[in-house]
Structure formats: C-alpha cells, structure tokens
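A quick write-up on the structure given underneath.
So that the names make sense, note that chain A is the first sequence line, chain B the second, and so on, each numbered from 1. Scope of the values below: all heavy atoms of this structure, side chains included, with no hydrogens, waters or symmetry mates.
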2 protein chains.
Amino acid sequence: MRLSTKGRYAVTAMLDLALNGQDGPVTLSDISENQGISLSYLEQLFAALRARQLVRGVRGPGGGYFLGRPADEISIADIICAVDEWVEFTRCQGKEDCRGGQRCLTHSLWDDLSRQIYDFLTDITLADLVARGLEKERECGSRKPGTTLEEVSDRAA
Amino acid sequence: MRLSTKGRYAVTAMLDLALNGQDGPVTLSDISENQGISLSYLEQLFAALRARQLVRGVRGPGGGYFLGRPADEISIADIICAVDEWVEFTRCQGKEDCRGGQRCLTHSLWDDLSRQIYDFLTDITLADLVARGLEKERECGSRKPGTTLEEVSDRAA
DNA sequence: TAATAACCAAGTAATATACTAAGTTAATAA
DNA sequence: TTATTAACTTAGTATATTACTTGGTTATTA
C-alpha cells in the first residue's frame, strides 16, 4: 500500500465528484478550479481512474465526469490503487533464503501490515466520507447558500 | 499521513531491531545486510528515528542500536511520522473562502480520512506486528534454527 | 593505539511529482 | 455545416524525493 500526495489529489477529486456530480457531469476545469489542481494533471489522474471504471467521461459541451458507480461502492483503496499503482513489496519468496531467514521474516511482517492498511481503506467508501462530513457540518452550522453539505445532500435526495 | 517506500524501509528496519535487539545492540551493517538497504541510507533514517527517541545508539565496538522504548510503546505511526515528516495538508482555513466553500469542504473530508489512517496506525505497535507474525509462523512451521520467530520469541522471554 | 561503529555532511543518479504545451476526437449548439 | 466545448492523448520538463556514494569525525572498546 502506498499513500502519496498523488493519491490525495485523486481522493480529493473523487470527493469533489461525489459532492457535485448529483445534477449533471462535472468538468475537470471545475475540479481544477475548486481544488487547485492543474487541469492536465487531473487529466492524467482521470485516465487512470477511467481505466478502472471509477469514473465515466461524457464528451462535448455540457459534458464532464460522473462516478463510475454509486459512491457507496467506491472505496478509498480503489482510488489510491488506481493512481498509485500497487507496487508489490519485495517478493523475495523463492529468490532468496526465505526458510525462516531474517530478511523475509520482516518482509512478511511488513506485508501483513500493508494488507491491514489496505483492508482498512477498502472498508471506507466515498459515501462514508461524505456522510461523516455531513454530521460534522451539522454540528458547526453553515453559512454560504448553495455550497453547504446540507444543501448538496438535499439535492441528492 | 504519508506512506512511502521510505516509511516502509523505516518500519522494516525497526522490525529487524525488535526481533534481534533482545540480546544486545544491532548494528546498521547487520540491518543493511539483512534487509538489503544501503548503510548510509539507514544512517539517514536512524538519525530521524533517534531524534524522536525511537532508537538509542551505542558507539564503539560491540555497539549498535536498541529500541528507544519497549516494542509495545512504539506505534507504526510513530515510525512513519519520524522519517516521513507529517506534511500538513492544505490548511486553507482562513486563507481562502472556507465558509462552506467547495474546496475546503473536500479538504476537510480528506483531513478526516487522514486522521483516521493516522489513528489506525497509532493503534498498531511493533510488538503487535511481531506477535501477529508469531501466530502465522506457528501455523506453517519453521526450518532454519536460530532465525525463526519462535526462537526469537523464546530468547525474549 | 588500533579497530569498531555510531554520527555527520555534501554530493548525485534515478525516479516520481506536478505541470505545460499542443494536439485529436466526439458531442452539442449556433 | 460550423464553431464550441470538453474529453482524451502524447510528449516534454522543472522540481522534489529517493536511495545511495563518498569521505569524513567522534566515542568506545580491546
């Protein structure tokens, strides 16, 4: 498992999609402006997301991107793996002395941990994040019309 | 939270320490050989780990490194934060339009997730990892004398 | 006093990050 | 039909990070 700023950009962009994709497709230009990410970098990221069917592009005027499937069926792990390319950690099984050897012992412990992190992020969906954000927003109250979580959620309902 | 290969090297090295540091200090040369990490890179990593009191160095012949405190008091988050420099994610609170603005909404959702990952890794200690590895090893059985988890654990007891 | 191994600093090749530039293709609206 | 929009594609690049090399110094032990 890897968790870089690249993965963060991807998750952030997907969150933007989840929040704004209710009433029509969202353009990368919008996300670029909203999140302060360069358009071309977004295009790169979305090429990877599209390859995994996490988003669906619509061409032409009025076009943009939708989520590839419902927000509660897209996990954070899905997103991060799409852009960050799950690099398999030192798989020395077979190659080196792995019959209880010190090297592969620690490697297998690391693999276990990595698997745990992956499982953890597999259980968190975009929908979860948005829902949890909703609760928090409710506590603090909101001000600017049309851009609060409540109203976004109302539109979705 | 960041989770790079650098963090993986640090965790791997600390696991090595936890496993072999029972009967005396472990040299970076040993870890270098065991884990296939360059000595100088290890020195860089251990400078950061030492700064956070996660390891304790002993100079001179017969010297090496010990864990800075018991393995059950060192979390994976401690290790990763030591070498990876917890970069605070876009703190646009105040600077930009943050009263329900779309940008900071997604950013705060990301912050929440990042906090969750951090909390998750705070709950996992080196001792946990070693213990969980122990169980697994027991199931499969081991072969080479002196380097299996059972024997390492026996030495520790 | 010699050997060991931590500790320190500067430089570097290789890679990843994030972006710019310059297009092509498909869909819509004039 | 034509212009516009926005997805899609490719190539190149400045910057930063990674992982390492080199060449030291200091403290400790034999």
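- The distance between atom NZ of A:Lys6 and atom P of C:dT15, rounded to the nearest whole Å, is 15 Å.
- Atoms CZ (A:Phe66) and P (D:dA6) sit 13 Å apart, rounded to a whole Å.
- Atom CD of B:Glu43 sits in a crowded spot, with more than 12 heavy atoms from other residues, nucleotides or ligands closer than 6.0 Å.
- Contact annotation: A:Arg50 reaches the phosphate of D:dT9 (side-chain N/O to OP1 or OP2, under 4.0 Å).
- Taking atom CD1 on B:Ile37 and atom P on D:dT21, their separation rounds to 13 Å, with Å as the unit.
- Between C:dA6, D:dC8, C:dA16, one nucleotide has an atom nearer to the side chain of A:Arg59 than all others, and that is D:dC8.
- Checking D:dT17, D:dA27, D:dC20 against the side-chain heavy atoms of B:Ser38 singles out D:dC20 as nearest.
- Atom CZ in B:Arg56 sits about 13 Å away from atom C1' in C:dA6, given to the nearest Å.
- Note: CD1 (B:Ile31) to P (C:dA6) measures 9 Å, nearest angstrom.
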Practice prompt. For the pair A:Tyr9 and A:Thr12, evaluate side-chain contact (heavy atoms from CB on, under 4.5 Å) and give the outcome as yes or no after the intermediate values.
Written response: CA-CA 5 Å; A:Tyr9 277 124; A:Thr12 301; 5.7 Å; no

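- Distances shorter than 4.0 Å separate none of the side-chain N or O atoms of A:Tyr9 from OP1 or OP2 on C:dT17.
- When side chains are defined from C-beta on, B:Ser29 counts as touching B:Leu39, because their heavy atoms get closer than 4.5 Å.
- When side chains are defined from C-beta on, A:Lys6 counts as touching A:Tyr41, because their heavy atoms get closer than 4.5 Å.
- B:Ser29 has no side-chain polar atom (N or O) that falls below the 4.0 Å cut-off from OP1 or OP2 of C:dA5.
- Along DNA chain D, the nucleotide nearest to A:Gln44 and the one nearest to A:Tyr65 differ in position, and the one closer to the 5' end is contacted by A:Tyr65.
- The CG atom of A:Leu45 sits 11 Å away from the C1' atom of C:dC19 (whole-angstrom rounding).
- Residue A:Ser4 places none of its side-chain N or O atoms closer than 4.0 Å to OP1 or OP2 of C:dA16.
- Each of A:Leu39 and B:Phe46 lies near DNA chain C, and the nucleotide nearest B:Phe46 is the one positioned closer to the 5' end.
- With the nearest nucleotide of DNA chain C identified for both A:Val58 and A:Thr5, A:Thr5 has the one nearer the 5' end.
- Look at OH on B:Tyr41: it is 13 Å from P on D:dT21, rounded to the nearest Å.
- Residue contacts for B:Ser40: at a heavy-atom cut-off of 4.0 Å it reaches a base atom on one of the strands shown.
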Fill in: Test side-chain contact (heavy atoms from CB on, under 4.5 Å) applied to A:Arg56 and A:Arg69, step by step
CA-CA 9 Å; A:Arg56 186 167 49 85; A:Arg69 45 179 195 261; over 6 Å; no

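- For the pair B:Glu43 CD and D:dT26 P, the computed distance is 16 Å after rounding to whole Å.
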